[in-house]
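Single-structure report; data block below.
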Amino acid sequence: MSRFFATGSDSESEESSSADEITPKATGTPFKQALLLSDDEEDTKRVVRSAKDKRFEELTNIIKTIRNAMKIRDMAKCLEEFEQLCRAFLKSKNIVDKEGIPPFYIRLLADLEDYLNQLWEDKEGKKKMNKNNAKALSTLRQKIRKYNRDYENEIASYKENPQESADEEEEREAGDSGSSSDSDDEGKDEGLSAKSFLKKKPEPSSEASKFLKSAKGSGDESSTSDDDEDDEDWGSDTVDSSSESSDDGEEKSTSLAVVFLKKTQEAEKADKKLGKKRKPKKKERLEEEMEEEAGEEAEGGWEKVKGGAPLVKEKPKMFAKGTEINVPVVVKKLNEILQARGKKGTDRAAQIELLHALAAISNENNLGQGVLVKIKFNIIASLYDYNPNLAAFMKPDMWKKCLDCIEELQTILFEHNNIFIGENIAEDSESLANTDQPFRVRGCILTLVERMDEEFTKIMQNTDPHSQEYVDNLKDEGRVCAIIDRLLNYLENKGSTEEICRIYLRRIMHTYYKFDYKAHRRSLGLQVESKSEHDQEESEGEDSAVIMDRFCKFIYAKDRTDRIRTCAILCHIYHHALHSRWYQARDLMLMSHLQDNIQHADPPVQILYNRTMVQLGICAFRQGMIKDAHNALLDIQSSGRAKELLGQGLLMRNMQERNAEQEKIEKRRQVPFHMHINLELLECVYLVSAMLLEIPYMAAHEFDARRRMISKQFHHQLRVGERQPLLGPPESMREHVVAASKAMKMGDWRTCHSFIINEKMNMKVWDLFPETQRVQEMLVRKIQEESLRTYLFTYSSVYDSISMETLSEMFQLEIPTVHSIISKMIINEELMASLDQPTQTVVMHRTEPTSLQNMALQLAEKLGSLVENNERVFDLKQGVYGGYFNRDQKGGYQQKQSYQRGTLKHIKAKQTWVDNSFSPFAHRSEIWLPAEQGRVPTRWLQESEPK
């Protein structure tokens, strides 16, 4: 409502009028009208808010709250208000269907989605969030992505031209304000319109409004005024304006109509155009300045400089003019340069340039190779010190310089045998100038090469593995290995045993994880024509197995440090396992006893041990040793942290478990991508091994209450598969293994084979093995054999006898193989049957208990445990102190066979099964019992045992 209709006299001050504006009086109070209006006009001036205005006002209020929460990154508040906004928008559905989706709503959805994506990509910011905000961010991001699917077209049109969307919104609101009387004034007072959330454009004030101040009075100060004096001296002008308004009543009545007249739409559009025209002036001004600067630069006149005194850095002169350059002078200059090393404000790049310049001066003046070697040592050390942070890796140009310097240093050392280097040479005893005696230089090239190798690893760790840059960096490994080989040859002649072991280990670390395809082809008798001389040299060189064997055996014999020997043994085992030499790898692992004390090793060695065990398990799988493969992979896979244990990535954890410093340390331990073991292949090998062991075991112990699990992870995957409401064709590797397990459980080996070996599984897993065909044949054979065992366990109660020829045809196995499998089952007392050799049939003995008998066995076990507990309580009451642990010494029930747990179960079982009406054992003098704690599948008890 306009303040014109507020109560009070004309002589009241502006404070009272503004108070009236905030708290309007009741409609029934008498008031003095400044201008007499008719009843019809009075009715038209009332504000009647439509349902649209109410609903849109509610939406804009919520949007304002969301934007405030976005500014302070309060994700929990954003999530709460977004849910409330969705509910409010649902209430406004009828109005939205008529009027269309409001633009400010679409704008918020687009801005909110962009804002959340930006926050999600900011990993450092996410780590600093508290738990509630991080959880709310994840939830809200999922909700907004799902919610925005219904408004994809609107959001896309807004993003194409957000400025036009804002203009359309303003025009729409202007039209709405014209339809509802005085709704603009309400919006200005309350600040709840959608226009307030758009970028406000400065509206130029008209010339006539400047002269309306004296005519408006105290009741109309809400209209726009551009008077600067009124803005500055608002405290003193209020009294004057009120007195003027009381005196000049006639003038107010004449000009009041002008104040309340609304601007036409054409005037508003003209103002908007003016506002738009005024905005580009800044851009034009900047463009003109840029053109002027470009013109001045072209003329070669003025140059633009930054504020402050210009810093002119002149390169320090190496030597004064006329100085005689000799070895002592150069060494003195070298020490001057090195004194600035590590100090604050030292330009490291300039220091490297000075050292290069000093090396050039030394060459020009023929000061000898001793000085040059000393300068080269310091250049390489300065290149390593260029990045003071340990986590930072070398830039490509510095890396190339480093490799070049090391190669030049090695060339000098190989060409001049009279240069001796070592860490034990003191600086005072260095011999750099005397050519008659051998040069003696302080320094260790082995340390430099080891640091170079570490820098190469850091470069590979910090490069995106899926980019071309990674491939380009990986090409440098050839140069790194060549440098290591040259140093190896140098140290074999002049190095100590300890240094030779260290350089051998470096060479081993670059060899152990690579599969030797040329040696593999030679072992298969395949001759491949090499296209280049380089390939011919490689094919004629030593096999990697011979190199590994020579290096590792030297370390086993000569090394005095446990760490180098441990790493060499693990790399040797890994290389054997990679090339399918299962028995050598297994024997070396068992002889080394590394599994006993590996927990005391440092984390990089533990990561190497985990990688070796995984490779050993995969090798056992390729050789058909399913149980050994499962045992080797069990610890890694059951932890659920295979990625982290193998050093192939970090799992998301809370900041409480791992702070930022620990995370940086763990990232430095990661293995480069080209050395990774395929985690999907690893999991597939483990699950298939577990399937081949677990499914026959489950079939054999279907009614055993004390059945144990061989693989918890495999059972978890089976439970996940059973929970699915709709079973479709398998897609992922895990679903294929679960489907194959269900088929094997029914004895259907063909379906199981089709799920394990198909195009999708070949592409994901089996084609990654070097001998794919042999592995697939082994898998088919194992599936056939284990399906036969499962079939006999599951359906033996149905058969009286079954022909081995029939089993051979069903499972496509040779009759001797079927005979062998069934014989093993009978010998191990897994299958209660006998073989009839003349007819080649398997005769079943009907020893499997019924469900009622299984329940009776479980009852006997529970009664036995009850009596056992009762005896313990009785012993305690009788004064046999010391409890359960001292019974062996005091002649308790553990020493007497009649009090053993199994004996009591035997007695109860005999009492339960003595009735001939349901017992299948009435014609025998034996009783079937389930497995005891010794994990024996079945057990027979003779009547002669004590009762």
Side-chain angles (χ1 to χ4, degrees), residues 22 53-93 95-96 101-152 154-159 162-163 165-166 169-170 173 186-201 650-664:
I22 297 169
D53 292 339
K54 290 179 183 176
R55 293 297 183 196
F56 280 16
E57 178 184 328
E58 184 183 0
L59 293 176
T60 50
N61 283 335
I62 298 172
I63 289 173
K64 186 176 182 182
T65 310
I66 291 175
R67 289 198 182 275
N68 289 338
M70 286 164 63
K71 288 176 184 175
I72 61 174
R73 291 196 173 192
D74 188 354
M75 292 295 103
K77 185 70 175 175
C78 277
L79 177 60
E80 181 185 346
E81 293 297 325
F82 179 72
E83 291 173 348
Q84 189 176 350
L85 180 68
C86 294
R87 290 193 291 268
F89 189 75
L90 199 60
K91 290 180 185 175
S92 314
K93 192 173 185 304
I95 295 166
V96 171
I101 302 172
F104 61 83
Y105 188 74
I106 296 298
R107 182 179 179 184
L108 175 85
L109 294 180
D111 291 350
L112 185 59
E113 186 176 12
D114 294 342
Y115 173 76
L116 293 175
N117 288 336
Q118 186 179 358
L119 278 185
W120 189 261
E121 291 171 1
D122 184 11
K123 294 183 180 178
E124 295 295 328
K126 273 201 297 184
K127 289 175 185 174
K128 294 176 184 176
M129 283 186 181
N130 58 27
K131 190 175 181 180
N132 292 335
N133 270 351
K135 188 176 180 181
L137 172 63
S138 177
T139 308
L140 182 57
R141 182 169 172 267
Q142 291 176 356
K143 285 193 174 185
I144 194 74
R145 287 171 69 183
K146 188 176 180 182
Y147 190 80
N148 283 4
R149 288 175 193 164
D150 300 333
Y151 306 101
E152 285 180 353
E154 292 85 351
I155 292 172
S157 61
Y158 164 73
K159 286 184 177 179
Q163 187 62 39
S165 303
E169 191 175 338
E170 287 181 3
E173 286 177 5
E186 287 285 325
K188 285 177 185 176
D189 292 338
E190 298 176 10
L192 298 171
S193 65
K195 188 175 178 180
S196 62
F197 295 96
L198 293 169
K199 294 179 180 176
K200 294 186 179 179
K201 299 178 183 177
L650 298 179
L651 300 176
M652 293 294 290
R653 290 191 190 173
N654 296 332
M655 293 299 291
Q656 299 172 355
E657 297 182 21
R658 179 175 59 206
N659 56 30
E661 191 62 31
Q662 289 175 340
E663 188 170 347
K664 287 180 183 177

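Both backbone and side-chain heavy atoms feed into the values below; hydrogens, waters and symmetry mates do not.
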Taken to the nearest 0.5 Å, the spacing of Asp111 CG from Leu116 CG works out to 11.0 Å
Ile95 and Phe56 have their tightest heavy-atom pair at CG2-CE1, 4.2 Å
Any chance you could measure Glu154, atom CD, to Ile101, atom CD1, to the nearest 0.5 Å? 4.5 Å
Closer than 3.5 angstrom, by distance alone: can the side chain of Ser138 be matched with the main-chain N or O of Lys135 as a donor-acceptor pair? no
Mind checking salt bridge (Lys or Arg N to Asp or Glu O under 4.0 Å) for Arg55 and listing every partner two or more places apart, or none if nothing turns up? Glu58
Nearest 0.5 Å, please: how far is CG in Leu108 from CD1 in Ile155? 10.0 Å
Between atom OH of Tyr147 and atom CG of Leu140, what is the distance when rounded to the nearest 0.5 Å? 12.5 Å
So how far is it from Glu152 CD to Leu109 CG, rounded to the nearest 0.5 Å? 12.0 Å
CE on Met70 to CE on Met75, rounded to 0.5 Å: 7.5 Å
For Ile62, the option from Thr60, Ile66, Thr65 that meets side-chain contact (heavy atoms from CB on, under 4.5 Å): Ile66
Under 3.5 Å: donor-acceptor pair, side chain of Tyr158, backbone of Ala110: no
Run the side chain to side chain contact (heavy atoms under 4.5 Å, CB included) test against Gln118 and tell me which residues pass, sequence neighbours left out. none
Can you pull out every ring-ring contact (aromatic ring centres under 6.0 Å, His included) where at least one residue sits in residues 118-146? Sequence neighbours excluded, please. none
Among residues at least two apart in sequence or on other chains, which ones pass side-chain hydrogen bond (donor to acceptor under 3.5 Å, both in side chains) with Glu113? Asn148
For Asp74, enumerate each residue passing the salt bridge (Lys or Arg N to Asp or Glu O under 4.0 Å) test, keeping only those at least two apart in sequence or located in another chain. none
Can you give me every donor-acceptor pair (side chain of residues 77-92, partner residue at least two apart or in another chain, under 3.5 Å) with its distance?
from  : atom 1 : to     : atom 2 : distance (Å)
Lys77 : NZ     : Glu81  : OE2    : 3.4
Glu83 : OE2    : Lys143 : NZ     : 2.6
Ser92 : OG     : Ala88  : O      : 3.0

